[in-house]
Number of protein chains: 2
Amino acid sequence: MGMGRPRAFDADAALERAMDVFWRHGYEGATIAQLTEAMSINPPSLYAAFGSKEGLLKAALDRYTEKRDAWMDKVLDAPTAHQVAERFLMEHADAQTDPANPPGCLLVQGGLACGTGSENVPFELAARRTRTEDQLRERFVRAKAERDLGDSADPATLARYLSAVTSGMCVMASSGADRNALREIAAVSLKAFAEQAKA
Amino acid sequence: MGMGRPRAFDADAALERAMDVFWRHGYEGATIAQLTEAMSINPPSLYAAFGSKEGLLKAALDRYTEKRDAWMDKVLDAPTAHQVAERFLMEHADAQTDPANPPGCLLVQGGLACGTGSENVPFELAARRTRTEDQLRERFVRAKAERDLGDSADPATLARYLSAVTSGMCVMASSGADRNALREIAAVSLKAFAEQAKA
DNA sequence: AGATATCTGTAGTGTTCGCTACAGATGTGG
DNA sequence: CCACATCTGTAGCGAACACTACAGATATCT
């Protein structure tokens with residue numbers, strides 16, 4: 001028995017296009033017609049490969065998370081907690097205003113509040129954001145063990161603070177804030193971090 | 001000639017209900033059916049009073065902004081820039097986790113990225129957020145004139161920073177962060193503000 | 001009271017949504 | 001070369017969407 005006709009499109013390249021549409025219009029604002037056109041495929045191919053609109057989003061999020069993890073590895077590899085925070089904040093400022101992508105971040109612009117039937121989407125996005133926060137926290141726990149953070153510094157609070165600031169930068173990017181504006185925010189936040197870190 | 005049958009519902013009360021629906025589901029996630037049911041009116045009454053779904057949102061935003069302005073007046077009346085920042089941050093933490101409202105803030109959860117045909121909505125929300133930032137900046141300009149802020153402190157940067165942090169808190173609230181979590185973020189941010197303010 | 005103007009509720013309108021049935025195309029395994 | 005399995009493109013499905021035509025109700029103004 002045969003193995004069937006092979007797929008005529010590159011799933012990863014298609015996901016990259018889908019990511020852009022979800023990012024620019026949000027999950028609910030993105031239509032199947034826009035997605036299929038951006039992906040250069042027809043609806044049946046989309047549904048055969050990804051199951052549903054939500055399945056496509058999850059696949060796009062998986063791909064996004066994969067790339068983000070590689071990026072986070074570099075960030076977390078910085079020798080000190082302060083440098084971790086600096087890289088995290090500054091590179092976020094750059095990425096969120098990179099003209100190659102829509103403004104902000106897929107995990108925020110994708111949809112904070114959705115309609116009935118899509119309640120799972122904000123939840124899914126939140127879980128991925130929390131993952132980044134967890135990675136930061138664990139890194140700061142290590143930093144504390146290495147005496148790189150003060151005794152009264154709380155890794156969870158520091159991680160949550162950085163997560164909140166970068167999320168806020170997403171909202172600012174959505175309002176049209178440019179790279180310099182986000183970098184200024186990052187710079188102020190970094191000083192706050194330093195202040196907390198040495199406590 | 002007569003003046004016609006009078007409206008049988010209270011427009012302000014209806015807007016309050018509409019606000020809640022937009023807040024909880026976002027602009028695109030909110031359906032006319034949900035809105036009319038929450039407002040206890042029928043579609044023709046909605047369209048006679050507000051023109052369209054987007055018109056209803058703008059009316060709800062106007063009402064939201066009105067209440068927010070009254071609140072901001074109180075915040076801006078604090079004697080020092082530091083106390084302005086403290087009230088702004090802490091009361092945001094409380095408001096965004098007030099069980100009387102959906103989590104976060106209408107100006108963020110309402111929709112950062114929308115579909116084709118609703119491009120105006122994120123723009124409208126952004127304009128209202130910018131308004132708050134402008135109010136803060138002007139207050140800090142005054143504070144600087146009063147020698148309440150250091151010479152190298154930049155009112156625009158400080159205002160943008162506070163705006164970013166509260167927007168970030170909205171995202172955290174959407175992820176399920178509770179009041180204490182947001183207050184911790186506010187506390188760290190306040191120290192950053194103090195550091196910048198005395199510079 | 002009568003004419004007029006506006007609101008209200010019922011019951012839809014056309015359009016777009018996410019999704020799929022189907023037939024033809026294109027590969028693999030025997 | 002043939003049977004089979006899977007993909008592709010066309011064309012369209014039912015449902016839900018934002019919105020409205022219409023008729024009856026209820027007010028004001030003369």
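Between the CG atom of B/Asp10 and the C1' atom of C/dC7 there is a distance of 15 Å, rounded to whole Å. Atom NZ in B/Lys53 sits roughly 12 Å away from atom C1' in D/dA16 (whole-Å rounding). One can place CG of B/Asn42 at 16 Å from P of D/dA25, the figure rounded to the nearest angstrom. In this structure, B/Leu46 places its CG atom 13 Å from P of C/dG9, rounding to the nearest Å. Note: OH (B/Tyr47) to P (D/dA21) measures 13 Å, nearest angstrom. In this structure, A/Arg7 places its CZ atom 15 Å from P of C/dT28, rounding to the nearest Å. Whole-Å rounding puts the A/Phe50 CZ to C/dC19 P distance at 14 Å. Atom-to-atom, CD of A/Glu28 to C1' of D/dA18 comes out at 15 Å; the value is rounded to the nearest Å.
Listed nucleotides: D/dT28, C/dC17, C/dC7. Nearest to the side chain of B/Met3: D/dT28. Residue B/Pro44 has its side chain nearest to D/dT20 when only D/dC29, D/dA11, D/dT20 are considered. When distances run from any side-chain atom of A/Ile32 to the nucleotides D/dT8, C/dT8, C/dC19, the shortest one goes to C/dC19. When the nucleotides D/dA27, C/dA25, C/dG18 are ranked by their closest atom to the side chain of A/Arg5, C/dA25 comes out on top.
Screening A/Arg128, A/Arg63, A/Arg131, A/Lys74 for a salt bridge (Lys or Arg N to Asp or Glu O under 4.0 Å) with A/Asp69, the sole residue that qualifies is A/Arg131. Put simply, the residue from A/Pro102, A/Pro103, A/Cys170 that forms a side-chain contact (heavy atoms from CB on, under 4.5 Å) with A/Gln96 is A/Cys170.
Within the 4.0 angstrom heavy-atom criterion, only backbone atoms of the sugar-phosphate kind lie near A/Phe9; the bases stay farther away. Note on A/Pro6: only backbone sugar-phosphate atoms sit closer than 4.0 angstrom, heavy atoms only; bases stay farther off.
No side-chain heavy atom of B/Phe193 sits less than 4.5 Å from a side-chain heavy atom of B/Val165.
Listed pair B/Ser45 / C/dT8 meets the phosphate criterion, a side-chain N or O lying under 4.0 Å from OP1 or OP2.
Checked for salt-bridge contact, B/Lys144 and B/Asp148 miss the test: no charged N lies under 4.0 Å from a carboxylate O. A salt bridge links A/Glu146 with A/Arg142; the closest basic N to acidic carboxylate O contact falls under 4.0 Å.
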